[in-house]
Q: 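Structure below; questions to follow.
It should be emphasised that the depicted structure is a prediction, and the values quoted were computed from it without experimental measurement.
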Amino acid sequence: MLGYPSPAALISSITDVRTQIFADPNQQDYLWQKLTQSGSIQGFEFQVQRQDGSLSWLSQNILIVYDDQGEILYLEGTVQDVTKRKEIETERESLIKELEMRNAELERFTYTVSHDLKSPLITIQGFMGFVEKDALAGNIESLKGDILRINEAASQMYTLLDDLLELSRIGRVVNSPEMISLDSLIQEAVLLVSGQIDARGVQVVVAPNLPTVYGDHRRLLEVVQNLLDNAVKFMGQQPEPKIEIGAEPVDGMILCYVRDNGIGIQPQYHEKVFGLFERLNQSIDGSGIGLALVKRIIEVHNGRIWVESNGENPGTS
């Protein structure tokens, strides 16, 4: 169970049982305390460190055998390796949490479909009445305005439905992974968002000599594009808006960042912003799906994403 070739090898290698076998040294103290209080213990589960450094779970049953004077003669019992069961339990708990998260997303989805889609439909329905009225009256200018409002409402519905469709595809429709130059990927994303960047007068600074990454080019492009778009949207009244993009190695992984000097995000909203249909500022255009889309793409690539901001200028990364 501990991976040693023999009992002698185990005994000769141990100088302190607590620090060399028990993954948590306090567990041995707890085990002995419970055992001496009751005289036996059933199904006590604890983690042990094997000879190769890996961890296993054991379940132990122990009985203290006393002599006539009440002194301990010996201990007897059984030990069972329950590592596989614990792994299955952990996996089950993880699946339950994921299902709970998906159910919460489904509830928000239902709310959005009944609310956000209903709003443009009401607009279309209302202005259809104006179209009929203005057409019968021959009021061409008002008719043009009615049609414009109907088109805007229809575009809003289309954008929301398109975003929902895109979100549903993540993890199912997978493009072939490839080695991607972050330099070229970021240049491509900046070009796609250049209209918003130029309109706001944002300075974009990209760190030199960025590394290459392995993944889905199209999806990772969506990530950078969404983060850039968000950074521009939430610049506020910053007189010298600036976005910095870069990457650096950290603990054998690549840490990529998109950093702005905008209005920032309060700490209590750092997790909420990645939720489906979460919009912290209702006055700014968006479907509330962008960052949820980004998070899902990153997780499909076995990465993670987070926010660093104190909620005040200078901005968010």
Side-chain angles (χ1 to χ4, degrees), residues 155-156 158-236 238 240-250 252-263 265 273-274 276 279 284-309 314-317:
S155 295
Q156 182 184 351
Y158 178 83
T159 299
L160 182 57
L161 288 170
D162 195 47
D163 286 345
L164 287 171
L165 180 61
E166 185 69 11
L167 184 67
S168 71
R169 287 174 174 167
I170 301 300
R172 292 190 296 109
V173 178
V174 180
N175 302 302
S176 298
E178 58 185 295
M179 296 303 298
I180 305 165
S181 163
L182 279 179
D183 287 300
S184 60
L185 185 76
I186 289 169
Q187 288 174 12
E188 192 176 350
V190 170
L191 185 62
L192 290 169
V193 192
S194 59
Q196 298 95 301
I197 291 172
D198 294 341
R200 184 62 181 83
V202 179
Q203 178 190 7
V204 178
V205 179
V206 181
N209 303 318
L210 295 176
T212 57
V213 295
Y214 186 71
D216 184 330
H217 180 276
R218 178 185 169 189
R219 295 303 186 195
L220 293 178
L221 179 62
E222 287 180 87
V223 167
V224 181
Q225 183 182 347
N226 267 289
L227 294 177
L228 280 171
D229 186 54
N230 257 37
V232 174
K233 280 181 182 179
F234 293 94
M235 276 297 174
Q238 171 62 248
E240 297 180 0
K242 181 180 179 181
I243 298 174
E244 298 175 75
I245 309 171
E248 56 192 32
V250 176
M253 302 185 74
I254 298 175
L255 172 66
C256 303
Y257 61 85
V258 176
R259 183 179 300 141
D260 65 66
N261 61 347
I263 61 177
I265 301 173
V273 295
F274 295 108
L276 192 56
R279 293 174 60 195
I284 296 178
D285 291 338
S287 62
I289 295 176
L291 286 179
L293 186 71
V294 166
K295 185 174 186 289
R296 190 163 294 181
I297 293 172
I298 292 296
E299 289 176 347
V300 166
H301 282 79
N302 296 318
R304 68 185 188 92
I305 185 169
W306 68 93
V307 174
E308 292 182 2
S309 175
T316 305
S317 62

Q: Quick one: do Val300 and Arg219 satisfy side-chain contact (heavy atoms from CB on, under 4.5 Å)? Show the steps, please.
A: CA-CA 10 Å; Val300 166; Arg219 295 303 186 195; over 6 Å; no
Q: Measure across Ala207 and Asp183 and return the closest heavy-atom pair with its distance rounded to 0.1 Å.
A: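 Closest approach of Ala207 to Asp183: O-OD1, 4.1 Å.
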Q: Quick one: closest heavy-atom pair of Leu221 and Ala189, and the distance?
A: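 That would be CD1-N, 3.7 Å.
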Q: Just how far is it from atom CD of Glu308 to atom CZ of Arg259, taken to the nearest 0.5 Å?
A: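 Result: 8.0 Å between the selected atoms.
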Q: Where do Arg200 and Val232 come nearest, in terms of heavy atoms and distance?
A: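 Arg200 and Val232 have their closest heavy atoms at CB-CG1, 4.1 Å.
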Q: Which pair of heavy atoms, one from Glu222 and one from Ile297, lies closest together, and at what distance?
A: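 Looking at all heavy atoms of both residues, the shortest contact is CB-CD1, 4.1 Å.
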Q: Is the closest side-chain heavy-atom distance between Gln203 and Ile197 below 4.5 Å?
A: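 With C-beta onward as the side chain, the pair stays apart.
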Q: Show the nearest heavy-atom pair for residues Cys256 and Ala247, with the distance to one decimal.
A: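 The answer is SG-CB, 4.0 Å.
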Q: Let me see the working for Glu299 and Arg296 under salt bridge (Lys or Arg N to Asp or Glu O under 4.0 Å), right down to the final yes or no.
A: CA-CA 5 Å; Glu299 289 176 347; Arg296 190 163 294 181; over 6 Å; no
Q: Can you name the nearest heavy-atom pair linking Val205 to Lys242, along with the distance?
A: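 Here Val205 and Lys242 meet closest at CG2-CE, 3.7 Å.
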Q: Report yes if the side chains of Val258 and Ile243 come closer than 4.5 Å at any heavy-atom pair, otherwise no.
A: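 A side-chain contact exists here, since the closest heavy-atom pair is under 4.5 Å.
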Q: So does Met179 have more than 12 non-hydrogen atoms from other groups sitting under 6.0 Å from CE?
A: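 Enclosed.
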Q: What residue among Val190, Ile186, Asp260 forms side-chain contact (heavy atoms from CB on, under 4.5 Å) with Leu228?
A: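 Going through the options one by one, the only one that passes is Val190.
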Q: Just wondering, do Glu188 and His217 contact through their side chains at under 4.5 Å, heavy atoms?
A: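 In short, these two side chains touch, coming nearer than 4.5 Å.
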